[in-house]
Amino acid sequence: MLKTLASQIKEFKGAAILTPMFMIGEVIVEMMIPFLMASIIDKGVNAGDMNHIVKIGGLMLLMALLGLWTGIMGGKYGARASAGFARNLREALFDQIQTFSFSNIDKFSTPSLVTRLTTDVTNLQNAFQMILRMFTRAPASLIVAMVMVFTINVKLALVYLVAIIILACILLTIVKHATGYFQQAFPRYDTLNESIQENVTGIRVVKAFVREDYETDKLKKASKGIYDIFLKAEKVITWNMPVMQMTIYSCILLICWLGARMIVVDDMTTGELMSLLAYCLNIMMSLMMLSFVFVMITMSEASARRICEILNEESDLKNPENPVEIVENGSISFEHVNFGYHKSSEEYVLQDINLSIQSGETIGIIGGTGSAKTSLINMISRLYDVNEGSVKVGGRDVREYDMEALRNQVAVVLQKNVLFSGTILDNLRWGDLNASEEECKRACRLACADDFIEAMPDGYNTWIEQGGSNVSGGQRQRLCIARALLKKPKVLILDDSTSAVDTATDARIRKAFLEEIPDTTKLIIAQRISSVKDADRIIVMDDGKVDAFDTHENLLKYNEIYKEVYESQLRGSGDFDKMGGES
């Protein structure tokens, strides 16, 4: 874990090394001041030597300024190192998530990934800064102070040594008890973020069903879970300060009592006693800082493990050693394909799929909810890998291709149409970063999106809110289709991507595809038979299997599922899920 995290310091190694060096310098300078103060009292004030007072006083001022400079530089480089570490960590996490397959993403929930990128990284940033500064300063201060104390008076130094041992045992007990609570706390942030994300994303549904009170109570429960666990941890940690103060004051009283008796018998000077008291505060404050560092490390340990889970997660999908970069054509074939979302699954989602699709064909895919239509098309662009068998595109197994090259030639418009904040042109150019405005307009004409775009005040420069919340469902679908067309793919897959448009627009889109991109293989998943009846052939899916694969006319003759759905939709009494799905 430490090796994984340390690798993210990268270009900030210099700052990470300089920070503790400056902190040690600050400690050495500060530890000299009480020693010089004792000299002023014993050799200056008590002896009435004004020159000695001025000389040592000037030296103390110089030491103070030097301590100030080293402290400032330590803070500067510490902030640079910790902030840089957090930046690199976020970038590494985000880059790693981009490499994940769908199955990897399924393993970690979206709210959990958000928590790891935000709260967990912040915890590590704070812990790293404290390690560089306090974890260096406190032990150095403790060691130097103890050396100075033993130099002044060995007998009284033993009082500090005993106090340190007792205090260290108590603080370790406190930290140990707090650790368990902190490890329980951070996973609860996932639940809180999940509630917030779900509510904000679905705010229209919440308001439509008047569920504000329910969602508020749900958030309160998630928030209270975090509150309760942190309250338990804080109750343990609150013992830290009283125990520390009691130890400090006990040491001061004992040192004063024993020191006064030594002064009376001339075993110690007044200046030495004052130095010992000053070092007492340094020693105890060092222990206090160490206890804070241990608490922070304890808090961040759970975050570190959660972050390393992401960084060490290996994608299920990898490029072969010598990947194929060119997809020759849009032909597709499935050969005895079995697939399950979990490798250990005993039952497959797709079972013994055998299909052969020629380049340039238009293929309709129809089936009830849960019949594995989407799972089928996910195999083509290698969003998942098959468990058994093979899927070929352009005559080659998809596992032989460079994944980027394959996905650039297999454009998928998924069920959940997502637009990103930016202009319409910005969103369209996700398909082709270098696409000209004219190419974007052509893609929009093919997707029948040009009419509503040109009706907008800013046209193609209209700003799209996050998620496309300021356009309708049908408009969002058409923009996503246009975006996919800009890739100029050899295979275009529409996963129920025209469900929100009217039948006339749906027909216009299909007609444009037929005329403008005849060489592109088109796979259209739909619930409406009217969307696929003109396809060259139609796949009828049922419970993870291909029930039939033929033309519209032939399916009406011999396939009971297709015929029943067609008749029900012709009468206007339902769609596939309501009627044919049960068959």
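Both backbone and side-chain heavy atoms feed into the values below; hydrogens, waters and symmetry mates do not.
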Side chain to side chain contact (heavy atoms under 4.5 Å, CB included) evaluation trace for Arg90 with Thr122: CA-CA 10 Å; Arg90 287 192 184 94; Thr122 300; 3.5 Å; yes
Lys224 with Asp228: basic N within carboxylate O range, under 4.0 Å: yes
Nearest heavy atoms of Arg306 and Arg116, plus distance in Å: O-NH1, 2.8 Å
Neighbour count above 12 (heavy atom, 6.0 Å) for Glu388 CD: yes
Nearest heavy-atom neighbours spanning Gly78 and Gln129: C-NE2, 3.9 Å
Chi angles and distances behind the side-chain hydrogen bond (donor to acceptor under 3.5 Å, both in side chains) call for Asp213, Thr216: CA-CA 5 Å; Asp213 291 340; Thr216 300; 5.2 Å; no
Whether over 12 other heavy atoms sit under 6.0 Å from Phe135 CZ: no
More than 12 heavy atoms from other groups under 6.0 Å of CD on Glu465: yes
Value rounded to 0.5 Å, distance of OG1 in Thr4 from CG in Asn312: 4.0 Å
Audit row: Thr19, Arg80, side chain to side chain contact (heavy atoms under 4.5 Å, CB included) steps and yes/no: CA-CA 9 Å; Thr19 301; Arg80 180 181 296 176; over 6 Å; no
Leu317 to Arg407 - nearest heavy-atom pair and separation: CD1-NH2, 3.6 Å
Donor-acceptor contact below 3.5 Å, side chain Asp458 vs main chain Asn461: no
Contacts of Tyr401 that satisfy ring-ring contact (aromatic ring centres under 6.0 Å, His included) - sequence neighbours left out: none
Phe128 and Phe85 aromatic centres sub-6.0 Å: yes
Residue pair Leu419 / Cys480, side-chain heavy-atom distance below 4.5 Å: yes
NZ (Lys221) with more than 12 external heavy atoms under 6.0 Å: no
Donor-acceptor contact present, side-chain Asn387 to main-chain Gly340, <3.5 Å: yes
Parallel, tilted or perpendicular: rings of Phe420 and Trp430 (30°, 60°): parallel
Under 3.5 Å: donor-acceptor pair, side chain of Asn470, backbone of Trp463: yes
Pair Val386-Arg399, side chain to side chain contact (heavy atoms under 4.5 Å, CB included): steps then yes or no: CA-CA 10 Å; Val386 300; Arg399 289 168 291 194; 3.7 Å; yes
Polar contact flag, side-chain donor to acceptor under 3.5 angstrom, Thr423-Asp426: yes
Main-chain N/O of Ile310 paired with Gln96 side-chain donor or acceptor, under 3.5 Å: yes
Pair Met73-Glu26, side chain to side chain contact (heavy atoms under 4.5 Å, CB included): steps then yes or no: CA-CA 10 Å; Met73 296 304 290; Glu26 183 185 21; over 6 Å; no
Any side-chain donor near an acceptor of the partner, Ser300 and Asn123, under 3.5 Å: no
Validation row: Ser421, Ile464 side chains within 4.5 angstrom (heavy atoms): no
Arg87/Glu11 salt bridge by N-O under 4.0 Å criterion: yes
